[in-house]
Amino acid sequence: ADLEKMVRDNPAIKSATVFPGRIENMIDFLNAVDIYVQPSLSEGLPMALLQAMAAGKPILATRVGGIPEALGEGIEGLLVNPRDAAALGSKLAEMIQKPDLLRALGENAKARAFREFHAKRLARQMLALYDRLTENLP
(Lines give C-alpha, C1' and ligand atoms only; values in the text may rest on other atoms or scores of the structure.)
Protein backbone atom coordinates (compact mmCIF):
# COMPACT_ATOMS: atom_id res chain seq x y z
CA ALA A 1 0.00 0.00 0.00
CA ASP A 2 2.86 2.41 0.80
CA LEU A 3 4.46 1.73 -2.57
CA GLU A 4 1.18 2.23 -4.46
CA LYS A 5 0.59 5.52 -2.63
CA MET A 6 4.14 6.67 -3.34
CA VAL A 7 3.64 5.92 -7.07
CA ARG A 8 0.28 7.74 -7.17
CA ASP A 9 1.88 10.77 -5.50
CA ASN A 10 4.93 10.90 -7.79
CA PRO A 11 4.16 12.41 -11.23
CA ALA A 12 7.58 11.30 -12.57
CA ILE A 13 6.62 7.62 -12.33
CA LYS A 14 2.80 7.57 -12.00
CA SER A 15 2.01 7.30 -15.71
CA ALA A 16 4.72 4.68 -16.28
CA THR A 17 3.87 2.35 -13.40
CA VAL A 18 1.34 -0.49 -13.33
CA PHE A 19 0.53 -2.91 -10.51
CA PRO A 20 -0.72 -5.91 -12.53
CA GLY A 21 -1.63 -8.31 -9.72
CA ARG A 22 -1.30 -12.07 -10.28
CA ILE A 23 0.49 -12.98 -13.53
CA GLU A 24 -0.70 -16.09 -15.39
CA ASN A 25 1.50 -15.83 -18.52
CA MET A 26 4.99 -14.62 -17.67
CA ILE A 27 6.16 -14.37 -21.29
CA ASP A 28 3.33 -12.02 -22.27
CA PHE A 29 3.88 -10.05 -19.07
CA LEU A 30 7.61 -9.64 -19.66
CA ASN A 31 7.02 -8.63 -23.26
CA ALA A 32 4.76 -5.83 -21.98
CA VAL A 33 7.05 -4.33 -19.31
CA ASP A 34 9.95 -1.93 -19.62
CA ILE A 35 11.36 -2.44 -16.11
CA TYR A 36 10.90 -5.49 -13.88
CA VAL A 37 10.53 -4.61 -10.18
CA GLN A 38 10.91 -7.31 -7.49
CA PRO A 39 10.25 -5.55 -4.14
CA SER A 40 10.50 -8.69 -2.01
CA LEU A 41 10.74 -8.70 1.77
CA SER A 42 12.30 -12.19 1.77
CA GLU A 43 13.24 -14.61 -1.01
CA GLY A 44 15.44 -17.46 -1.97
CA LEU A 45 16.27 -16.96 -5.63
CA PRO A 46 12.99 -16.07 -7.34
CA MET A 47 12.25 -17.81 -10.64
CA ALA A 48 10.41 -14.68 -11.82
CA LEU A 49 13.63 -12.70 -11.40
CA LEU A 50 15.57 -15.22 -13.49
CA GLN A 51 12.84 -15.12 -16.14
CA ALA A 52 13.05 -11.31 -16.26
CA MET A 53 16.82 -11.54 -16.61
CA ALA A 54 16.52 -14.06 -19.45
CA ALA A 55 14.04 -11.74 -21.16
CA GLY A 56 16.63 -8.95 -21.04
CA LYS A 57 14.63 -6.69 -18.75
CA PRO A 58 16.29 -4.05 -16.59
CA ILE A 59 15.59 -5.00 -12.98
CA LEU A 60 15.03 -3.12 -9.75
CA ALA A 61 14.93 -5.41 -6.73
CA THR A 62 15.46 -5.55 -3.00
CA ARG A 63 18.61 -6.86 -1.32
CA VAL A 64 17.16 -10.07 0.09
CA GLY A 65 17.97 -13.77 -0.21
CA GLY A 66 19.79 -14.74 -3.39
CA ILE A 67 18.83 -11.63 -5.33
CA PRO A 68 22.11 -9.74 -4.70
CA GLU A 69 24.03 -12.83 -5.85
CA ALA A 70 22.09 -12.93 -9.13
CA LEU A 71 22.19 -9.18 -9.81
CA GLY A 72 25.41 -7.24 -9.61
CA GLU A 73 24.58 -3.73 -8.36
CA GLY A 74 24.59 -1.40 -11.35
CA ILE A 75 25.59 -4.23 -13.71
CA GLU A 76 22.53 -6.46 -14.16
CA GLY A 77 20.15 -4.45 -12.03
CA LEU A 78 19.70 -1.92 -9.26
CA LEU A 79 19.13 -2.91 -5.63
CA VAL A 80 17.50 -1.23 -2.65
CA ASN A 81 16.95 -2.30 0.92
CA PRO A 82 13.66 -4.03 1.72
CA ARG A 83 10.86 -1.90 3.16
CA ASP A 84 12.40 1.30 1.76
CA ALA A 85 9.63 2.57 -0.51
CA ALA A 86 11.32 5.96 -0.92
CA ALA A 87 14.54 4.39 -2.22
CA LEU A 88 12.55 2.08 -4.49
CA GLY A 89 10.66 5.03 -5.94
CA SER A 90 13.80 7.10 -6.33
CA LYS A 91 15.68 4.32 -8.16
CA LEU A 92 12.65 3.63 -10.36
CA ALA A 93 12.41 7.30 -11.32
CA GLU A 94 16.15 7.30 -12.07
CA MET A 95 15.78 4.25 -14.30
CA ILE A 96 12.84 5.73 -16.22
CA GLN A 97 14.90 8.83 -17.00
CA LYS A 98 17.99 6.91 -18.23
CA PRO A 99 17.27 4.78 -21.33
CA ASP A 100 20.97 4.00 -21.81
CA LEU A 101 21.11 2.57 -18.28
CA LEU A 102 17.99 0.48 -18.95
CA ARG A 103 19.49 -0.92 -22.13
CA ALA A 104 22.80 -1.81 -20.46
CA LEU A 105 21.14 -3.41 -17.41
CA GLY A 106 18.85 -5.48 -19.64
CA GLU A 107 21.65 -6.68 -21.91
CA ASN A 108 23.86 -7.57 -18.95
CA ALA A 109 21.02 -9.35 -17.15
CA LYS A 110 20.22 -11.47 -20.20
CA ALA A 111 23.86 -12.41 -20.73
CA ARG A 112 24.27 -13.43 -17.09
CA ALA A 113 21.00 -15.39 -17.04
CA PHE A 114 22.12 -17.51 -19.99
CA ARG A 115 25.71 -17.77 -18.75
CA GLU A 116 24.95 -18.76 -15.14
CA PHE A 117 21.32 -19.79 -14.76
CA HIS A 118 20.43 -21.65 -17.95
CA ALA A 119 18.55 -24.91 -17.25
CA LYS A 120 21.11 -27.04 -19.13
CA ARG A 121 23.98 -25.57 -17.12
CA LEU A 122 22.16 -26.08 -13.84
CA ALA A 123 21.29 -29.68 -14.78
CA ARG A 124 24.94 -30.41 -15.62
CA GLN A 125 26.00 -28.94 -12.27
CA MET A 126 23.43 -31.05 -10.42
CA LEU A 127 24.56 -34.24 -12.19
CA ALA A 128 28.19 -33.43 -11.40
CA LEU A 129 27.27 -32.94 -7.75
CA TYR A 130 25.50 -36.32 -7.64
CA ASP A 131 28.51 -37.95 -9.29
CA ARG A 132 30.84 -36.50 -6.64
CA LEU A 133 28.52 -37.49 -3.80
CA THR A 134 28.13 -41.06 -5.01
CA GLU A 135 31.62 -41.80 -6.32
CA ASN A 136 32.64 -43.72 -3.15
CA LEU A 137 29.41 -45.66 -2.70
CA PRO A 138 29.57 -49.46 -3.10
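- Distance check: Arg124 CZ to Leu129 CG gives 15.0 Å after rounding to the nearest 0.5 Å.
- For Glu69, the side-chain hydrogen bond (donor to acceptor under 3.5 Å, both in side chains) criterion is met by no residue, not counting sequence neighbours.
- Under the side-chain hydrogen bond (donor to acceptor under 3.5 Å, both in side chains) criterion, Asn136 pairs with no residue, sequence neighbours left out.
- At a threshold of 4.0 Å, the pair Glu107-Arg103 does not count as salt-bridged, since none of the basic side-chain nitrogens sits closer than that to a carboxylate oxygen.
- Ile35 places a side-chain heavy atom less than 4.5 Å from the side chain of Leu102.
- When the side-chain hydrogen bond (donor to acceptor under 3.5 Å, both in side chains) test is applied to Asp131, no partner is found at least two apart in sequence or on another chain.
- In this structure the side chain of Leu41 never reaches within 4.5 angstrom of the side chain of Thr62, judged on heavy atoms.
- When the ring pair (Phe, Tyr, Trp, His ring centres under 6.0 Å) test is applied to Phe114, the partners found at least two apart in sequence or on another chain are His118.
- The side-chain hydrogen bond (donor to acceptor under 3.5 Å, both in side chains) test applied to Ser40 returns Gln38, Glu43, not counting sequence neighbours.
- Within a 6.0 Å radius of CZ in Phe19, other residues, nucleotides and ligands contribute more than 12 heavy atoms.
- Side-chain contact between Leu71 and Leu79: present, with at least one pair of heavy atoms (C-beta onward) separated by less than 4.5 Å.
- Between Lys110 and Gly56, the shortest heavy-atom contact is CB-CA, 3.7 Å.
- Sorted by first and then second residue, the side chain to side chain donor-acceptor pair (under 3.5 Å) pairs involving residues 76-89 (not counting sequence neighbours) are Arg63-Asn81, Glu76-Arg112.
- Hydrophobic clustering places Val37 together with Val80 (ILVMFWY residues linked when any side-chain heavy atoms are closer than 4.5 Å, directly or through intermediates).
- Within 6.0 Å of the CG atom in Asn10, the count of heavy atoms belonging to other residues, nucleotides or ligands exceeds 12.
- In the hydrophobic clustering of this structure, Leu92 groups with Leu101; members are Ile, Leu, Val, Met, Phe, Trp, Tyr whose side-chain heavy atoms approach within less than 4.5 Å, directly or through other members.
- Listed here is the closest heavy atom pair of Leu45 and Ala70: CD1-CB, 3.7 Å.
- By the 6.0 Å contact criterion, CG on Leu127 is enclosed, its count of non-hydrogen atoms from other residues, nucleotides or ligands being greater than 12.
- Residues Leu30 and Tyr36 meet the side-chain proximity criterion, which asks for heavy atoms closer than 4.5 Å.
- Closest approach of Gly65 and Pro68 over heavy atoms only: O-CD, 3.4 Å.
- Here the closest non-hydrogen pair linking Ala52 and Ile59 is CB-CD1, 4.0 Å.
- Note on Met53: it does not cluster hydrophobically with Leu78, by side-chain heavy-atom contacts below 4.5 Å among ILVMFWY residues.
- Put simply, Leu60 and Val64 are part of two different groups of oily side chains (I, L, V, M, F, W, Y) that touch within less than 4.5 Å, one to the next.
- We find the OH-CD distance between Tyr130 and Glu135 to be 15.5 Å, quoted to the nearest 0.5 Å.
- Although no hydrogens or angles enter the test, the distance criterion places a donor-acceptor pair under 3.5 Å between the side chain of Lys57 and the main chain of Val33.
- Across all non-hydrogen atoms, the minimal contact from Leu88 to Pro39 is CD2-CB, 3.9 Å.
- Met26 is listed as a side-chain neighbour of Ile23, based on a closest heavy-atom distance under 4.5 Å.
- Across all their heavy atoms, Gly89 and Met6 have their closest contact at CA-CE, 3.5 Å.
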Assess whether side-chain contact (heavy atoms from CB on, under 4.5 Å) is satisfied between Gln51 and Ile27, documenting all intermediate values.
CA-CA 8 Å; Gln51 290 170 326; Ile27 293 171; over 6 Å; no

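- Distance CD1/Ile67 to CG/Leu49: 5.5 Å, rounded to 0.5 Å.
- When atom types are taken as modelled, the side chain of Arg121 and the backbone of Arg115 share a donor-acceptor pair closer than 3.5 angstrom.
- No side-chain heavy atom of Glu4 sits under 4.5 Å from any side-chain heavy atom of Thr17.
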